[in-house]
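Report on the following structure.
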Amino acid sequence: MNFIIKLFISSIIVFALSYFLPGVQVTNIMAALWVALVLGLLNTFLKPVLVLLTIPVTLFTLGLFLLVINAIIVLICDYFIPEFKVDGFLTALFFSILLSLSQSILNKIFVSDK
């Protein structure tokens with residue numbers, strides 16, 4: 001049940017960010033749901049591989065390179081979902097930062113730890 005709540009929260013955040021962040025377009029709420037699902041899958045399967053491959057750079061930048069990895073994952077999601085458009089790398093970076101912060105806050109409020 002927590003997975004469904006987290007997916008719903010993520011899709012609402014993605015849809016809301018498309019209105020407030022210039023350079024991010026989501027056509028409808030179903031596309032936002034697909035974006036949330038694909039981002040979750042990419043974060044589950046691809047992100048650990050990218051983190052493992054970039055450990056030296058991540059250590060050298062004191063972990064800030066993880067933001068770059070998050071932006072790359074958003075751009076990969078943009079490639080796979082036609083209804084989701086991100087204009088460039090900086091937009092993807094801001095989108096990923098705002099999405100992560102919003103998810104963290106809302107998941108603390110609405111998702112139980114049990």
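Here the straight-line distance linking atom CG of L59 with atom OG1 of T61 works out to 8.0 Å at 0.5 Å rounding. I81 contributes atom CD1, which lies 7.0 Å from atom CG of L39 (distance to the nearest 0.5 angstrom). To the nearest 0.5 Å, atom CH2 of residue W34 and atom CG of residue L7 are 10.0 Å apart.
When every heavy atom of Q103 is checked against every heavy atom of S10, the shortest pair comes out as NE2-OG, 2.6 Å. Closest heavy-atom contact between V26 and N28: CG1-O, 3.3 Å. Residues A92 and A71 approach most closely at CB-O, 3.7 Å, considering heavy atoms. Among all heavy-atom pairs drawn from L67 and S96, the shortest one is O-OG, 4.3 Å. The minimum heavy-atom distance between L66 and V51, with the atom names listed, is CD2-CG2, 3.7 Å.
With contacts defined as side-chain heavy-atom distances shorter than 4.5 Å, the pair N70/K47 qualifies. Using a 4.5 Å cut-off on side-chain heavy atoms (C-beta onward), D78 and K85 make contact. With contacts defined as side-chain heavy-atom distances shorter than 4.5 Å, the pair V57/V68 does not qualify. Taking the side chain as every heavy atom from C-beta outward, L42 and C77 approach each other to under 4.5 Å. Annotation: side chain of L17 is in contact with side chain of I13 (closest heavy-atom distance under 4.5 Å).
Residues I55 and L64 do not share a hydrophobic cluster, clusters being chains of Ile/Leu/Val/Met/Phe/Trp/Tyr side chains in contact below 4.5 Å. Taking hydrophobic clusters as Ile, Leu, Val, Met, Phe, Trp and Tyr residues chained together by side-chain heavy-atom distances below 4.5 Å, L106 does not share a cluster with I12. No chain of hydrophobic side-chain contacts below 4.5 Å, direct or via other Ile, Leu, Val, Met, Phe, Trp or Tyr residues, connects L62 to L93. In the hydrophobic cluster analysis, where Ile, Leu, Val, Met, Phe, Trp and Tyr join through side-chain heavy atoms closer than 4.5 angstrom, V49 is grouped apart from I72. Criterion: ILVMFWY side-chain heavy atoms under 4.5 Å apart, direct or through other members. Under it, L33 and F3 are part of a common hydrophobic cluster.
For the side chain to side chain contact (heavy atoms under 4.5 Å, CB included) test with F84, the passing option among V74, T27, V38 is V74; the others fail.
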> Step by step, would you call I9 with V111 a side-chain contact (heavy atoms from CB on, under 4.5 Å)?
Replying inline: CA-CA 10 Å; I9 288 172; V111 178; 4.3 Å; yes
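Around atom CZ of F60, no more than 12 heavy atoms belonging to other residues, nucleotides or ligands sit under 6.0 Å away.
Sequence neighbours left out, the pairs with a member in residues 5-30 that pass ring pair (Phe, Tyr, Trp, His ring centres under 6.0 Å) are F15-Y19.
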